[in-house]
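Contents: one structure, followed by commentary.
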Amino acid sequence: MNIRQIEGFCYLAKTLNFSKSAEKMYITQPAFSRMIESLENELGCKLIVRDRAAPRLTPAGERDLKHMERIRQEYDALIDISRVQSDKSGEITIGIMESGLTDSARDILRRYGAEYPAMRINFREVSETIVFDLLNAGKLDCAIVAHFPDVYRGYLEGRVIESYQICALVNRDHPLSSRTKLSVRELKDEGIILIDEEKSVMGYQAIMSLCLKNGFSPKIARKAESVVTALSAVDLGYGIMILSDSMRDAAGKHTVFIPMEGVEPGQVWVVS
C-alpha cells in the first residue's frame, strides 16, 4: 500500500465515480481501476460495490476509509511541517531532461520561488539512464521526468504534475498528415524515429513495447541522440515519431501532431 493508492481511494469514496477519480489522479480510468483492485487485493477485501445504478462503499470500505483519511492527513501534515522547518535559504538541484520543462513544471517552480525567494534553484540536465541513480545518491534533490518505473518506487517518492496526449509526429507532406487521429497499427509500415536507448532507455522501451503490443516490431528509420535532433528529423521528413503534445512549441513548422487513439496518456512526474 502506498500514499497514491490511499489518495485514490479517498477520491473514489467522495465521488463514487471511477472516471472522475481517475481525472483527479491524472491517470486513465483503466489504470485507476487496476490501482483500486491492487489495493483491495493487498487488503484482502472489496472496498466498493461496482454497481452502475448505485455504486457504494462496502462495510470494509467504510471502515478502512476512516483509517486511510487519517493516514492521508498525517502525510499532508508531515509535508507541511517539513516545509515550515526547512531552511528558507540555500540551494536545491533539480534534474531535468534535455527536452526541458513543461508549463506545469515551470508553474510549480514559480510558486516555489515565490514561497522561498532566498532559495537558489539549480538545474542539471541529465539523461533518463542515470537520473534515478543520481537521486538515490543524493546528487539531485528532485527530478522532473516523463517515466517513473515501478522498480524505483520502493525508495523514491513521485507525484504526477501533468498528464498529456500521445501523438504521432509526421511531416506535413506525408500522406498521413491530413488525418485527425491515428492508431498504432497504422504505423506498422512507417519508418519510426526513436531516441537512442543509451540516451532514453525508458522512452525507447516504451515505444518498442507499444508497437509490439499492437502486433509489430517498428521499422526504425533512425535513432536520434536527443528529442531536439529527433524533432528536426521529423520536420525534414526522415520518419515519424511518437511523442507527447507537450513538445509542440519545440517542433518545426513542417511537423504535424496527430493524436493517437487507444494509447494511454503520458505523465510528467516530480521524483525525489
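In this view, Thr15 and Ser21 satisfy the side chain to side chain donor-acceptor pair (under 3.5 Å) rule, not counting sequence neighbours. Under the side-chain contact (heavy atoms from CB on, under 4.5 Å) criterion, Arg153 pairs with Phe148, Asp150, Trp269, sequence neighbours left out. Residues passing the side chain to side chain donor-acceptor pair (under 3.5 Å) test with Glu128, sequence neighbours excluded: His147, Ser200. A search for side-chain contact (heavy atoms from CB on, under 4.5 Å) contacts involving Asn122 returns Glu91, Thr93, Arg120, not counting sequence neighbours. Every residue two or more places apart in sequence or in another chain that forms a side-chain contact (heavy atoms from CB on, under 4.5 Å) with Asn214 is listed here: Val184, Arg185, Leu210, Phe216. Applying the side-chain contact (heavy atoms from CB on, under 4.5 Å) criterion to Ser177, with sequence neighbours excluded, gives Val170, Val256. Judged as a side chain to side chain donor-acceptor pair (under 3.5 Å), and not counting sequence neighbours, the contacts of Arg34 are Glu264.
Residue pairs meeting the salt bridge (Lys or Arg N to Asp or Glu O under 4.0 Å) criterion with at least one partner in residues 236-253, sequence neighbours excluded, are absent. For residues 209-219, every residue pair satisfying the salt bridge (Lys or Arg N to Asp or Glu O under 4.0 Å) rule, not counting sequence neighbours, is listed here: Asp189-Lys219. Among residues at least two apart or in separate chains, salt bridge (Lys or Arg N to Asp or Glu O under 4.0 Å) pairs with a member in residues 48-57 are Glu40-Arg50. Applying the side-chain hydrogen bond (donor to acceptor under 3.5 Å, both in side chains) definition to pairs two or more places apart or across chains, those involving residues 225-234 are Ser226-Thr229.
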Could you give the side-chain donor-acceptor pairs of residues 3-13 under 3.5 Å, partners two or more places apart or in another chain?
from, atom 1, to, atom 2, distance (Å)
Arg4, NH2, Met25, O, 2.8
Gln5, OE1, Asn2, N, 3.0

